Amino acid sequence: MALSRSKPPRILIVSDGQLGTEAAALLTGLPYELEFAPSREICLAAVVQRPQLVLLDFALESTDPLALCLEIASLATDLPILAISPSGDDITVERAFGAGADDVILPPLRRIMLRQRVGRLIKEVDLASRLREQDRLNHQLFDQNNVLRLVIEPDSGAILDANPAACHFYGYTRDSFRQKRLNDLDAQPTRQMMQRAFRATAARETYFVFTHRLASGEMREIEMYCAPIEYMARRATQVVLHDITQRKQIELRLRESEERYLKILELSNDAVFTLSPDTTITFLSQGFSTLAGAQAEEWLGRSFVPLIYFDDLPQALSMFDKVLHGEVPPPFELRFNSTEGFSYGEVIINPQMDNREVIGIWGAVRDVTKRREAEQSEREQRALAEALRDTAAALNGTLNLDDLLGRILVQVERVVPSDTANVMLIENGFARVVRSRGYAERGLEDDVLELRFDIEATPNMKYMVESGLPFVEPDVDQYEGWVVTGGTSWIRSHVAAPILISGQVIGFLNLDSAMVHAFSDIDADRLMAFADQAATAIRNAELFQAISRQTEELERRVAERTAQLEHERAQLRTILDSMNEGVIYDERFEVRYINRALTELVGYTMREWKGYLEMLRSESTSDGEMRRTLDSLYDTIADGAYWSADLRLRRKDGTEFDASVTCSPVQNAEGVVIGAVTVIRDVSQEKALQAQKQRFVAYASHELRTPITNLKTRLYLMRRQPDHLSDHLEILEEVTDRMKRLVEDMLDVSRFERGVISLQPVILDVQALAQSVATVQTPEAERKGLTLRLDLPPEPTMIYGDPERIVQVITNLVVNAINYTPEGGEVMLAIRPATLRDRFVTIDVKDTGIGIAPEHLQNIFQPFYRVDKRVEGTGLGLSITQQIVELHGGKISVDSEPGVGSTFHVHLPTQSPEEMEPISPMGPANVLQPS
Ligand code: ADP
């Protein structure tokens, strides 16, 4: 029937005409489900589905409404039928009721009326069905076999009925139960109990516990609930019985186990407690005596709060608050006051519940003090290790002592906290602070620098110096030897460690605190580790300073030596660069240096230079020959010996020259050959000079032999023909003169070649000199039937030169012109002044003589060279002339045509004496150099 409340009631409208439609319209909007049945078949099928109400149209045409009504009523007895009668006559209404209709409604149909009637009928149906359901349930409950039920007569206790479950449980049939009374079931039937039971019924006491005996003789603990009921239309008591034997046993066991559990709690180290919501202790296990020195008997009924370490109270109270609100917080840590300060407890707390209500707190505490202490000491050890490691890292990272001591003081602070810290070093028996921390914060920055302790007069320092051990004083007021100075009067406790280097105390690491008992022996031990690091830092710094000094000295020496080498190198380079010989320096066949002269000599720069001498191989030297030469050179040098040879070499421009090549090995300090210096000298000129000298000697001896032969002949003739003495003497004189000239010329040439002729230069007028030569030579010209003419510019033409030598030049040229011009010819001596462009004065000597064939032209300036040997002459004149002109910085050239004549041009520079530096009397250039 529960369904009928949630689902709208279903109304079956049985009609095939107007009335049904009208009724449906009037019910629209109400919470009913309307269903139509226009025929008997549909109607009967729908009735089986159990609607809540049938609206039957008595104006049905398809079937007889009365017969259908009877059919419905017989099919579903409790289904209300509301008949809608088409007419209001009594007979029809009566018939309808007679056919089983529960109500009849007459036209015209009114909304209110219809709705009221329908509503009332449905409610009745609902009530009836609920009553039926209740009945059914009661019955079911009674019969249920898992709940034991008896119905008894309240006054006599006679059992009126028993349900199957009770029959089954007790082992009696229903009928045998009906012959018993309730107290027959009791194992210990006593009058009092029975009376109590009956009294209880009257006094509405409903709950009892008995021990019943079953049919089998077995005893059972039974719990009974009694309630008055109506049974067979008379007053009765229903007894519901529960077999609680097992529960009782469990309860018993539970109680035992609880006692055991409490025992365990007492014995366990964990402390257990229960608190009322206002934190009053309702239970405290034995564990609290070790955790907090609290005895249960002493603390029961007192507040839990004083057991908790003050600093942790806020946390504890907030946790209690959470628990009182039904939360179960995660385990947390609390400190409990103990005789030795405090102990650490790991706490679990839970709400204590009763019927969904928090009635208190229960909790368990595990003593973790030892663990915490171990952790704490582990943390401290780690801090110490880390601080030492960081300092060690700093020691490796820097050698700056000040910086390092500063770092050590910072690291010490991590492990042994203090108000101030300092490092003192001992000098001449006094300790002085070299590095400090924490003084500025106390306004003692200046005082710390003033601190000076006489070790002998300071017992604690003296102790450390003598023992090498740290010193700790938890309360300096208790230490007689404590020396108080201006900057240290605030100190209450002190710890220090000696800084030891090679067994010698060189200083101290000091820590001070304004509080007593700030330091312990452990701190002193730890400080010692830092003092050792300070010692390392100081030793490293000293070593570093020593090394730095050495390095500086070394650097200074290296710099000096480098400068010296640099100087020597520069000198060497200057020498090499100013040398006329080409120089190659190579190391292991790799050319490292060639000097300027080599580049000038061969045309290759250092950059162009490749290999060694291979690139200078001459056309006339084969590859193989060159290789053999170089192999001999390498072998000699490898032996550490000196190699030298004359080679024909080729320049970059293709021209060739004769070279004298010398190669010397370069050895390192161990005497190993590491390279070679090759010097290349151009000996072409020397060779030419050599050849010239040989030629000179040959010519000279030849030229001298002729006059000497003449002299001998003449002397012979003189002895044979004494009468022709004067003739012979004349010829002898002539020959001697010629010889004298020859010898003088030869001497001149040789002097020029040896470069020993000095010029005596002055500013001179070339015209005047030309004039004087012309005056001297005119008679000779005339004697030969020649005209000697002068062509001179109107102004004087000045040059800077040696007048004697210039006269020699002009004379030589004029004499040659006279000598090589046949009679009737003409000799012209012309002077052309310098132009602005060339600044050279020109002396031209022109003749109309025999001229010189082109093939001879290039040789006529060489000594002893003569075109026609039959013509008298030494062949030295032009050679000497050229030397003098060139010595003056001038040039000589010739134009000639055989049979027409020759012109010799002499160009002399017009420099002022200042500009004539190269031929100044003292200068090197006035010495003839082989060019
Ligand atoms: P030499 O004493 O033979 O004149 P030089 O050195 O003065 O010696 O001249 C060398 C040669 O040059 C002469 O032997 C001659 O053959 C030729 N020579 C010099 N001057 C003239 C000239 N003016 N005309 C033709 N030939 C000349």
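Indexing begins at 1, ligand by ligand and atom by atom, following the structure's order. Since this is a predicted model, take the numbers as computed values, not measurements.
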When you measure from the side chain of Asn595 to the backbone of Val583, do you find a donor-acceptor pair of N or O atoms at a distance under 3.5 Å?
yes
Considering Gly873, Pro898, Gly875, which one's heavy-atom position lies nearest to atom 8 (O) of ligand 1?
Gly875
Closest to atom 15 (C) of ligand 1 among Phe864, Phe861, Tyr865, Tyr820 (heavy-atom distance):
Tyr820
Thinking salt bridges, do [X] and [Y] make one under a 4.0 Å N-O criterion?
| X | Y | answer |
| --- | --- | --- |
| Asp844 | Arg832 | yes |
| Arg651 | Asp682 | yes |
| Glu823 | Lys784 | no |
| Arg648 | Asp658 | yes |
| Arg556 | Glu553 | yes |

Which of the ligand 1 atoms, numbered from 1, are nearer than 4.0 Å to a heavy atom of [X]:
| X | result |
| --- | --- |
| Gly851 | 25 (C) |
| Val867 | 14 (O), 16 (O) |
| Asn816 | 4 (O), 5 (P), 7 (O), 9 (O), 19 (C), 20 (N), 23 (N) |
| Ile860 | 12 (O) |
| Ser902 | 24 (N) |

Below 4.0 Å, non-hydrogen atoms only: which portion of Leu878 touches ligand 1? Side chain, backbone, both or neither.
both
Counting only heavy atoms closer than 4.0 Å, does ligand 1 sit against the backbone of Leu876, its side chain, both, or neither?
backbone
Shortest protein contact, atom 26 (N) of ligand 1 (heavy atom only)
Ile852 CG1, 3.4 Å
Taking atom 2 (O) of ligand 1 as the reference point, the nearest protein heavy atom with its distance:
Thr874 N, 2.9 Å
When you compare the side chains of Ser632 and Trp643, does any donor N or O come within less than 3.5 Å of an acceptor on the partner?
yes
Do any nitrogen or oxygen atoms of Gly877 come within less than 3.5 Å of a nitrogen or oxygen of ligand 1?
yes
Could you label the plane-to-plane angle of the Phe904 and Phe861 rings as parallel, tilted or perpendicular, counting under 30° as parallel and over 60° as perpendicular?
perpendicular
